[in-house]
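Contents: one structure, followed by commentary.
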Amino acid sequence: QAQLVESGGGLVQAGGSLRLSCAASGRTFASYVMGWFRQAPGKEREFVAAITWRTAITTYADSVKGRFTISRDNAKNTGYLQMNSLKTEDTAVYFCAVERDGILNTIPSRYDYWGQGTQVTVSS
């Protein structure tokens, strides 16, 4: 069983930046994908970004492309989501997740382990 703990959420003004972290512990996998998703009130959980842990191949949702950057630190077993030029519509609970088969998925149901989420609120 893998455990994921997010941190770094908070309140920021539009145009500002935040960096989310996702610390992974417990069971490890030879090759997996870490993804970030978000869920706003009354909306479905949506894909934000994902990275292959071994080769650092990335993919992004169109809504965050050019503003968000996903990365990972192998030594710390931690993933990051750098969020710049934040907009009010980025307000949501952000979750990190792990897909253990190493496939760069954008569908939440394909991910096997989830963190508890961290709130990001962007004010106007």
Side-chain angles (χ1 to χ4, degrees):
Q1 191 80 0
Q3 289 82 41
L4 305 175
V5 178
E6 302 100 334
S7 61
L11 174 64
V12 64
Q13 285 191 328
S17 299
L18 281 174
R19 188 176 81 154
L20 306 183
S21 300
C22 177
S25 62
R27 184 176 179 180
T28 58
F29 306 95
S31 180
Y32 61 94
V33 166
M34 178 174 283
W36 286 94
F37 294 80
R38 66 187 181 187
Q39 189 165 16
K43 295 188 176 181
E44 292 189 353
R45 192 166 297 190
E46 66 171 358
F47 171 77
V48 175
I51 186 168
T52 58
W53 201 258
R54 189 166 56 87
T55 58
I57 298 171
T58 60
T59 188
Y60 296 90
D62 288 343
S63 59
V64 306
K65 208 171 287 184
R67 300 188 298 122
F68 291 11
T69 303
I70 189 171
S71 62
R72 89 281 188 259
D73 184 326
N74 285 349
K76 295 182 179 180
N77 225 22
T78 299
Y80 303 97
L81 185 68
Q82 177 67 44
M83 306 186 294
N84 298 330
S85 302
L86 282 161
K87 304 175 181 180
T88 55
E89 52 262 45
D90 293 319
T91 295
V93 177
Y94 283 71
F95 299 88
C96 67
V98 162
E99 194 280 346
R100 60 190 175 190
D101 294 328
I103 299 172
L104 214 56
N105 268 304
T106 63
I107 302 171
S109 61
R110 302 292 174 87
Y111 283 73
D112 304 288
Y113 302 100
W114 290 83
Q116 81 288 350
T118 186
Q119 177 70 46
V120 171
T121 303
V122 184
S123 64
S124 59

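Basis for what follows: all heavy atoms, side chains included, without hydrogens, waters or symmetry-related copies. One-based numbering along the sequence shown. Just so you know, these numbers come straight off a predicted model, no measurement behind them.
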### Message
Classify the ring geometry of Trp114 against Phe37: parallel below 30°, tilted from 30° to 60°, perpendicular beyond 60°.
### Response
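Because their plane-to-plane angle lies in the 30° to 60° range, the rings of Trp114 and Phe37 count as tilted.
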## Note on the structure
Looking only at heavy atoms, the pair that brings Ala75 and Asp73 closest together is N-OD1, 3.0 Å
### Query
Shortest non-hydrogen contact from Tyr60 to Ala49?
CD2-CB, 3.6 Å
#### Entry: N/O donor-acceptor pair under 3.5 Å between Thr52 side chain and Ile57 backbone
yes
To the closest 0.5 Å, what do you measure between [atom1] ([X]) and [atom2] ([Y])?
| X | Y | atom1 | atom2 | value |
| --- | --- | --- | --- | --- |
| Phe47 | Arg38 | CZ | CZ | 11.0 Å |
| Asn105 | Glu99 | CG | CD | 5.0 Å |
| Met34 | Tyr113 | CE | OH | 13.0 Å |
| Ser7 | Tyr94 | OG | OH | 15.0 Å |

### Message
Heavy-atom count check: over 12 atoms from other residues, nucleotides or ligands less than 6.0 Å from Glu89 CD?
### Response
yes
### Message
What verdict does the side-chain contact (heavy atoms from CB on, under 4.5 Å) test give for Gln1 and Gln3, after you've listed the backbone C-alpha separation in whole Å, the side-chain angles of each residue and the deciding distance to 0.1 Å?
### Response
CA-CA 7 Å; Gln1 191 80 0; Gln3 289 82 41; 3.7 Å; yes
#### Entry: Test salt bridge (Lys or Arg N to Asp or Glu O under 4.0 Å) applied to Arg67 - qualifying residues, sequence neighbours left out
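Expected list: Asp90.
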### Query
What pairs with Lys65 under salt bridge (Lys or Arg N to Asp or Glu O under 4.0 Å), at least two apart in sequence or on another chain?
Asp62
### Task
Could you tell me whether Arg19 sits above the aromatic face of Tyr80, with NZ or CZ closer than 6.0 angstrom to the six-membered ring centre and within 45 degrees of the axis?
yes
